[in-house]
2 protein chains.
Amino acid sequence: MKYLSRPEEIVLLAIWKLGKSAYGVTIRKHVQEATNKYWSIGAIYVPLERLERKGFVHSYSSEPTAERGGRSKRYFEITEDGLEALEELKKVNQAIWSGYPGIVSDK
Amino acid sequence: MKYLSRPEEIVLLAIWKLGKSAYGVTIRKHVQEATNKYWSIGAIYVPLERLERKGFVHSYSSEPTAERGGRSKRYFEITEDGLEALEELKKVNQAIWSGYPGIVSDK
DNA sequence: TATTAGTTCTACACCATAGAACTAATAATT
DNA sequence: AATTATTAGTTCTATGGTGTAGAACTAATA
């Protein structure tokens, strides 16, 4: 299994953390805060599209909300395969970083 | 500063860990063991080339050794910029993974 | 001349990233 | 009430860069 690219990893983790409230705008906000960097709109939506095509996330449209501009949102949720990919990635990360200063390997 | 791609991260960490003995073949071996996956020759050397172009590593040729096929090796060493990039990456990794089960954030 | 350790080369599909354009809702204006 | 402005949100698309494979090449000893 190929691993996820870094943007895919970052976006997928954001979805995992956001749970039920994961849609384009909240994901982007979360990612920008976590990485402390500007992310363009495309830098979020393109990986989202690819994650969905690969089966790591699934999306559905909500009802519009009754606020100005409150159009229907496209919510994302992580799939079983997505969870597995995260576990796999976690293992690889721990393996490659183990021994580096400031990294606690929890065994 | 853009982050390193994943192959670049993996290869750079391998160089860091290998220290004085980092050259193409040992790097490849180390990376394959750490990730438990097959890596083609190009999958190692191309990122190496790019890391050098970006100033994260530096390379030099050794004297040939006196063994069959023992031609001169191209050793790699991590630069100051490379070390900084690793520190930056470590921070990003900790930020995006914090809160995920099985991750110890050492604060 | 054969064999071996090691590196260079290169091709191509896929990915990263930016941001303009589009959509569909409510609010303001006449 | 009809029209226009504003807003939240998503879709689209272009382009340069990256990921990955492995064949070809090189330079040493057997």
Side-chain angles (χ1 to χ4, degrees), chain A residues 1-12 14-15 18 21-32 35 37-54 56-57 59-76 85 89 92, chain B residues 1-12 14-15 18 21-32 35 37-57 59-76 85 89 92 96:
Chain A
M1 187 220 279
K2 284 194 40 185
Y3 354 83
L4 302 178
S5 69
R6 193 173 319 279
E8 284 169 347
E9 170 191 29
I10 292 173
V11 165
L12 188 56
I15 294 170
L18 287 165
S21 54
Y23 70 99
V25 171
T26 52
I27 293 169
R28 181 168 179 226
K29 182 157 176 291
H30 183 95
V31 165
Q32 294 198 131
T35 62
K37 283 191 185 58
Y38 171 82
W39 287 57
S40 71
I41 293 168
I44 297 293
Y45 280 96
V46 171
L48 275 174
E49 215 58 66
R50 288 175 186 155
L51 283 169
E52 182 157 44
R53 177 164 45 79
K54 295 176 187 169
F56 297 132
V57 302
S59 74
Y60 61 92
S61 267
S62 74
E63 289 301 302
T65 57
E67 58 186 316
R68 184 179 238 207
R71 56 178 295 197
S72 72
K73 302 174 176 63
R74 183 175 167 202
Y75 281 99
F76 290 85
L89 212 47
V92 171
Chain B
M1 189 221 281
K2 283 194 43 189
Y3 352 86
L4 302 180
S5 69
R6 193 173 317 279
E8 284 169 345
E9 169 190 30
I10 292 173
V11 165
L12 189 56
I15 294 171
L18 287 166
S21 55
Y23 70 99
V25 172
T26 52
I27 293 169
R28 183 170 177 223
K29 182 159 177 288
H30 182 95
V31 165
Q32 294 198 132
T35 62
K37 283 191 186 59
Y38 171 82
W39 284 57
S40 72
I41 293 169
I44 297 293
Y45 279 96
V46 172
L48 275 174
E49 214 60 64
R50 287 174 187 158
L51 282 169
E52 183 158 43
R53 177 163 45 77
K54 294 176 188 171
F56 297 132
V57 302
S59 73
Y60 61 92
S61 265
S62 74
E63 288 302 300
T65 58
E67 60 186 315
R68 185 178 233 205
R71 58 178 294 195
S72 73
K73 302 174 174 65
R74 183 175 168 202
Y75 282 99
F76 290 85
L89 254 178
V92 172
I96 66 180

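Predicted, not measured: the structure shown is a model, and the values here were computed from it. Residue numbering restarts at 1 for every chain, and letters A, B, ... go by the order of the sequence lines.
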Rounded to whole angstroms, how far apart are [atom1] on [X] and [atom2] on [N]?
X       : N      : atom1 : atom2 : result
A:Arg71 : D:dG9  : CZ    : P     : 9 Å
B:Lys73 : C:dT4  : NZ    : P     : 16 Å
A:Lys29 : D:dG9  : NZ    : C1'   : 16 Å
A:Ile27 : D:dT11 : CD1   : P     : 12 Å
A:Glu49 : D:dT11 : CD    : C1'   : 8 Å

Respond yes when some side-chain nitrogen or oxygen of A:Tyr23 is under 4.0 Å from OP1 or OP2 of D:dG9, and no when none is.
yes
Only counting residues at least two apart or in another chain, list the ones meeting ring pair (Phe, Tyr, Trp, His ring centres under 6.0 Å) with A:Tyr38.
none
Under 4.0 Å protein heavy-atom contacts per nucleotide of nucleotides 11-18 of chain C, with B for base, S for backbone only and - for none
----BBBB
Contacts of type salt bridge (Lys or Arg N to Asp or Glu O under 4.0 Å), residue A:Arg50, not counting sequence neighbours
none
I'd like to check the salt bridge (Lys or Arg N to Asp or Glu O under 4.0 Å) partners of B:Arg74; sequence neighbours left out, ordered by chain and number.
B:Glu49, B:Glu52
Residues in side chain to side chain contact (heavy atoms under 4.5 Å, CB included) with [X], at least two apart?
X       : answer
B:Lys29 : B:Glu33
B:Ser72 : B:Ser61, B:Ser62, B:Pro64
B:Thr26 : B:Leu18, B:Tyr23

For DNA chain D, produce a single dot-bracket line, 5' to 3'. Pairs: Watson-Crick or G-U wobble, both distances under 3.5 Å. Symbols: ( ) within strand, [ ] crossing, | other strand, . unpaired.
||||||||||||||||||||||||||||||
Taking all non-hydrogen atoms of both residues, which atom of B:Ile15 and which atom of B:Leu48 are closest, and how far apart?
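What the structure gives for the nearest pair is CD1-CD2, 3.6 Å.
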Taking all heavy atoms of B:Ile27 and all of B:Ala14, pick out the closest pair and write down the distance.
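Result for this residue pair: CG2-CB, 4.2 Å.
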Between the base of C:dT7 and the side chain of B:Arg74, is one N or O donor paired with an acceptor at under 3.5 angstrom?
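Per atom types, no contact qualifies.
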Could you say whether A:Tyr45 or A:Ser72 is positioned toward the 5' end of DNA chain C, judged by the nucleotide with the nearest heavy atom to each?
A:Tyr45
Throw together a table of side-chain donor-acceptor distances under 3.5 angstrom for residues 39-47 of chain B, partners on residues two or more places apart or in other chains.
unit_1  : atom_1 : unit_2  : atom_2 : d
B:Trp39 : NE1    : B:Thr35 : OG1    : 3.1
B:Ser40 : OG     : B:Ala43 : N      : 3.1

